Every structure is written in C-alpha cells, then in structure tokens.
Amino acid sequence: PQVNEPTCPSVLIRSGASTYAVGLPGQEPTGSNLRYQGTITRTARDCMLSGGQVTARIGIQGRVIVGPAGAPPTADLPLRVAVVQEGVSPKTIFTNTYRASVSLAGTENSAVFSLVAEDIAYPVPTGNDGDSYVFYIGFDPQALKPEPRRGRKR
C-alpha cells in the first residue's frame, strides 16, 4: 500500500513582517532616528515524520543594517514562526517566538544574523489537509515585550 507522506510546507514571510526597525527611545524608527533595521533574506526548512508527529526545523537568515542614529552593541531581533492551515478561516496549528541576537559592535554598517527554530512539532495532517499548511515567519515586535503583570486585588 502507498503511504501518503506529509509534505513539508513552504516557508512564507508574513505580510508586513519582513523588516524590523528600531529607533531612538521614544522615537519613530525613521530618518535620522533609525538605530538599526533587520531584514529576512533567506529561509530553509526540513521536516521529519515520527510517531504521528511532524517535526520541523526552520532556518532564518537575514541582515541588520546600522542606521544614522548609531546601533547598540547588540541587536535583539524578535521572530515568530507559525504553522498555519490556510483556508476560508485560517487555523494556527503551532506558533512560537524566538530571539536572534547579533553583535553590531565594531561593524561598519551591517551584520548577518541566523536562527534555526528546531522545536516545531504538530500532528500529521489528515488526508489532503497538509497541502494547505504553510510555515509563516516574520519579525514580531510584541515578542520582546514582557508578559503583562496582573495586578492582584486584595
């Protein structure tokens, strides 16, 4: 009998999430206020089937360009990887945030960053559902914000 191997979804950069700009504190990251900007330039993926689960690795590579305001010694880049089943109402199957750090100390104007997300796992899709799965990646500035503290009432 023919076994239907699940396909390894393609990697797409989420619309509007391909760049990440950081400005001076309290300033918009534009013009002379720009400290640095990250851009995703390459992606890679591989998937393995194991015990009813698909485990995947997503590689993300990009570049950080130093802006006119001068960059900090290290840039923290918040990234999100999601597995989404596309359709009339898209369904998120897996999502997680990651942080890539890149040293900008001593660089003239740019540095390369890379990240491999190795903890992606989700149940094997049934039937042809896997054909509508997509790996979405992108910068997610919300990922850098600490979890909101819940005030305890007494």
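The structure presented is a predicted model; accordingly, all values stated were derived computationally and were not measured.
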Mind listing the closest non-hydrogen atom pair of Ile40 and Phe139 along with its distance? CG1-CE1, 3.6 Å
Name all pairs fulfilling the ring pair (Phe, Tyr, Trp, His ring centres under 6.0 Å) condition that reach into residues 47-81, sequence neighbours left out, sorted by first residue then second. none
Could you tabulate the donor-acceptor pairs under 3.5 Å formed by side-chain atoms of residues 67-87, not counting sequence neighbours?
unit_1, atom_1, unit_2, atom_2, d
Asp76, OD1, Ser101, OG, 2.5
Arg80, NE, Asp140, OD2, 2.6
Arg80, NH1, Thr95, OG1, 2.7
Arg80, NH2, Asp140, OD2, 2.9
Glu86, OE2, Tyr136, OH, 2.4

Which residue pairs pass the salt bridge (Lys or Arg N to Asp or Glu O under 4.0 Å) test with at least one member in residues 15-36, sequence neighbours excluded? none
Please list all pairs meeting disulfide (SG to SG under 2.5 Å) that have one or both residues in residues 25-101, counting only residues at least two apart or in different chains. Cys8-Cys47
Quick one: does Arg45's side chain have a donor or acceptor within less than 3.5 Å of a partner on Ala56's backbone? no
How about Thr41 and Arg63: does a side-chain donor come under 3.5 Å of a side-chain acceptor? no
In one Ile/Leu/Val/Met/Phe/Trp/Tyr side-chain cluster, 4.5 Å: Val134, Ile58: no
Output the distance between atom CD1 (Ile65) and atom CG (Leu34), rounded to the nearest 0.5 Å. 9.0 Å
Are the side chains of Ile60 and Phe113 in touch, meaning some heavy atoms are under 4.5 Å apart? yes
Give me the atom names and distance for the closest heavy-atom approach of Val22 to Pro29. C-CB, 3.6 Å
Applying disulfide (SG to SG under 2.5 Å) as the test, list every pair that has at least one member in residues 77-144; sequence neighbours left out. none
Set out, in order, the CA-CA distance, both residues' side-chain angles and the distance that settles side-chain contact (heavy atoms from CB on, under 4.5 Å) for Thr97 and Arg99, then state yes or no. CA-CA 7 Å; Thr97 56; Arg99 231 179 237 206; over 6 Å; no
Distance (rounded to the nearest 0.5 Å) between Met48 CE and Thr55 OG1: 4.0 Å
Please tabulate, for the side chains in residues 117-126, all donor-acceptor contacts under 3.5 angstrom to protein atoms that are two or more places apart in sequence or on a different chain.
unit_1, atom_1, unit_2, atom_2, d
Asp119, OD1, Tyr98, OH, 2.4
Asp119, OD2, Asn96, ND2, 3.0
Thr126, OG1, Asp129, OD2, 3.4

In one Ile/Leu/Val/Met/Phe/Trp/Tyr side-chain cluster, 4.5 Å: Tyr133, Leu49: yes
